[in-house]
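Quick caveat: nothing in here was measured; it's all calculated off a predicted structure.
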Amino acid sequence: MMQAAAIAGKGSILAASELHIHHRRGLAGLGAFWGGSSGPNNVWIPKGGYCCGSLPFGSSLNPGGEMAPLRTGVEGIFRSRGKPRWVRVQASSGDLEDAPEKLQAKSSGTVLPYVGVACLGAILFGYHLGVVNGALEYLSRDLGITENAVLQGWVVSSLLAGATVGSFAGGALADKFGRTRTFQLDAIPLVVGAFLSATSQSVRTMLIGRLLAGIGIGISSAIVPLYISEISPTEIRGALGSVNQLFICIGILAALVAGLPLAGNPLWWRTMFGIAIVPSVLMALGMAISPESPRWLFQQGKLSQAETAIRKLFGKEKVAEVMKDLKAGGQGSTESDASWFDLFSKRYRTVVSVGAALFLFQQLAGINAVVYYSTSVFRSAGIASDVAASALVGASNVFGTAIASSLMDRQGRKSLLITSFTGMAASMLLLSLSFSWKVLAPYSRILAVLGTVLYVLSFSLGAGPVPALLLPEIFASRIRAKAVALSLGMHWISNFVIGLYFLSVVSKFGISRVYLGFAAVCSLAVLYISGNVVETKGRSLEEIERALTPAS
């Protein structure tokens, strides 16, 4: 989800020799990182044995195509397999990702306006991440902290601290009040935080404003992908889900553009923070007329309201079909919302661990490091302008995310993840060699630039957008909001820790060895994804839930 924050490191990316001198700028760069339904067609599953470890995936199908309740838990579901043989019914075992896609009826409703409203939260996410980097020097001068690197670091990192709190709170709020109401509640800390930041006359007020804005973007990071996944038709859910990441990129680029007048007007930084109030208010107003998630309404037992939402989103001809799918998914009042402790129960812990692992791999794969050093790399290649360096990284970022959006529902989530981490591993290896291998010394500059651009492009193809899209798909409805929040909380925590210790690790081991370590992490990610992540393209959320979650 998180490659977009790459651009937020503008002006904070320094050569290794400058690390200790400009430690606060390094922290500024790191602080900005985070780094439908289906018809009644028969479901095909592979014939023959299938297991993960010693536990088989013991599902079966009846002639109507409905999956019988699973008996063995989720331990056996996250395992890819070689070329399968296909049977139609009464197969003894199978894998969701091996099942061919079922034909989906076209929806006559429209979800795009409501996805657009939700993506205002994504824009704010990116904007608040990126706005501080251009403004930090000027606000430090106004608030009297020019010589205080610690306070400047807190101005940057307080946003991350707030985001960690917000990401955990977002799941509970979404379960209790619904998705659209949570968006409206989220506008409160976003508006107040932006206002306090823009009008602050002391560093204390600035820190409070940044903390509140962080809580707001933390909630957004949890509910934007959740809401989009639950209102999107199955056949385009991947494309719409990846739009979230694209709008985060746009938000960061908007923050960079908003900082252009700073050179001529040092007080412009206040306007930069104040601009964020506008999309926050628009998001709250837009959600007042947006339909609630049909899945959440159904889970609350509000069947008539769920039908109204389905009619608005998908068209009246899809109401019966979607409602049938929701009932088949075992939602409604049969089970109450899960508690936080339920996420670690035997029933859910395997699938929840996959969500957390994807975000850990995303952060530990080196996106922070690559962008942190990108300006230094580009300067060594003769690109002296920080703006040009950021623009090149940003262009690669947006371009890759746009490609991922178009491929998500055709190529599939899992294959994009594997391709992405494979490309990142190769790029990291190239970067490591360009810094250390004497044979490549004559070409080191061009190879370093090439490796950086290829890495960011590879990241944006899968490792960035896919985790936030995949998680709401694989989590059961009763744990979906809290499990997404938990996984994103892991992201924010790992991001914060990397921001604290990255400089020390580079100083001790050298950037070449660190890059080599990142290449190894990316390779491990490929192996983990190959064996533990299931393909979800073309499947409704209810089909995925029935396949991945055993009956209680």
Fill in: Flag, side chain of Glu535 to backbone of Arg413, donor-acceptor distance under 3.5 Å
yes

Worksheet item: Is the side chain of Ser512 donor-acceptor paired with the backbone N or O of Ser432 at a distance under 3.5 Å, no angle test?
Response: yes

Item to complete: Would you indicate whether the side-chain heavy atoms of Phe183 and Val224 approach each other to under 4.5 Å?
Response: yes

Worksheet item: How about His128 and Leu159: do any of their side-chain heavy atoms sit closer than 4.5 Å?
Response: yes

Worksheet, complete the sentence: In terms of heavy-atom contacts, Leu226 and Arg480 come closest through CD1-CG, 3.3 Å

Worksheet entry | Donor-acceptor side-chain pairing of Glu473 and Thr536 below 3.5 angstrom | yes

Worksheet item: Rounded to the nearest 0.5 Å, what separation is found between the CD1 atom of Ile403 and the CZ atom of Phe399?
Response: 3.5 Å

Discussion item. Quick one, Phe359 and Ile493 - any side-chain contact, counting heavy atoms below 4.5 Å?
Written reply: no

Worksheet item: Between Asp175 and Arg179, is the closest basic N to carboxylate O distance under 4.0 Å?
Response: yes

Worksheet item: Between atom NE2 of His491 and atom CG of Leu358, what is the distance when rounded to the nearest 0.5 Å?
Response: 13.5 Å

Fill in: Smallest separation among heavy atoms of Ile217 and Trp492, with atom names
CD1-CH2, 4.2 Å

Worksheet item: Is a salt bridge present between Lys324 and Glu321, judged by a nitrogen-to-oxygen distance below 4.0 Å?
Response: no

Worksheet item: Is Lys318 reaching over with its side chain to a backbone N or O of Ile310, donor-acceptor style, under 3.5 angstrom?
Response: no

Worksheet entry | Within-4.5 Å side-chain heavy-atom neighbours: Thr180 and Tyr227 | yes

Worksheet item: Any idea which heavy atoms bring Val484 and Ala222 closest together, and the distance?
Response: CG1-O, 3.7 Å

Practice prompt. Taking all non-hydrogen atoms of both residues into account, name the closest pair between Leu240 and Ser232 and its distance.
Written response: CD1-OG, 3.4 Å

Worksheet item: What pair of heavy atoms forms the shortest contact from Val352 to Ala483, and how long is it?
Response: CG2-CB, 4.3 Å

Worksheet entry | Any donor-acceptor pair under 3.5 Å from Thr419 side chain to Leu416 backbone | no

Worksheet item: How far does OG of Ser523 sit from CE of Met424, to the nearest 0.5 angstrom?
Response: 10.5 Å

Item to complete: Measure from the side-chain N and O atoms of Lys482 to the backbone N and O of Gly171, and report whether any donor-acceptor pair falls under 3.5 Å.
Response: no

Response to the item:
Which of Ile219, Leu124, Ile215, Leu173 passes side-chain contact (heavy atoms from CB on, under 4.5 Å) with Asp186? It is Ile219

Worksheet item: Are the side chains of Ser530 and Ile418 in touch, meaning some heavy atoms are under 4.5 Å apart?
Response: yes

Item to complete: Determine yes or no for a side-chain-to-main-chain donor-acceptor pair under 3.5 angstrom, with Glu230 supplying the side chain and Trp296 the backbone.
Response: no

Discussion item. Is it the case that the side chains of Thr401 and Ser460 hold a donor-acceptor pair, with the cut-off being a distance below 3.5 Å and no angle test?
Written reply: no

Worksheet item: So, does Ser420 use its side chain to make a donor-acceptor pair with the main chain of Ser458 at under 3.5 Å?
Response: yes

Fill in: Any side-chain heavy-atom pair of Leu313 and Pro294 under 4.5 Å
yes

Discussion item. Using side chain to side chain contact (heavy atoms under 4.5 Å, CB included), reason through Lys414 and Leu417 one step at a time and then give a plain yes or no.
Written reply: CA-CA 5 Å; Lys414 181 174 180 177; Leu417 279 174; 5.7 Å; no

Discussion item. Test your reading of the model: is there a side-chain donor-acceptor pair from Ser345 to the backbone of Asp342, 3.5 Å cut-off?
Written reply: yes

Practice prompt. Calculate, to the nearest 0.5 Å, the distance between atoms OG1 and CG belonging to Thr422 and Leu461 respectively.
Written response: 11.5 Å

Item to complete: Locate the shortest heavy-atom distance separating Phe298 from Lys327; write the atom from each residue and the value.
Response: CZ-CG, 3.3 Å

Worksheet item: Is the backbone of Met428 close enough, under 3.5 Å, to the side chain of Tyr455 for a donor and an acceptor to pair up by distance?
Response: no

Worksheet item: Distance from Leu430 atom CG to Tyr515 atom OH, nearest 0.5 Å?
Response: 11.0 Å

Worksheet item: Once the angle between the rings of Tyr528 and Phe361 is folded into 0 to 90°, is it parallel (under 30°), tilted (30 to 60°) or perpendicular (over 60°)?
Response: tilted

Item to complete: For the residue pair Leu343 and Tyr348, establish whether any side-chain heavy-atom pair is separated by less than 4.5 Å.
Response: no

Practice prompt. To the nearest 0.5 angstrom, please state how far the CD1 atom of Ile228 sits from the CD1 atom of Ile223.
Written response: 10.5 Å

Worksheet item: Side chains of Val111 and Phe314: does their closest heavy-atom pair fall under 4.5 Å?
Response: yes

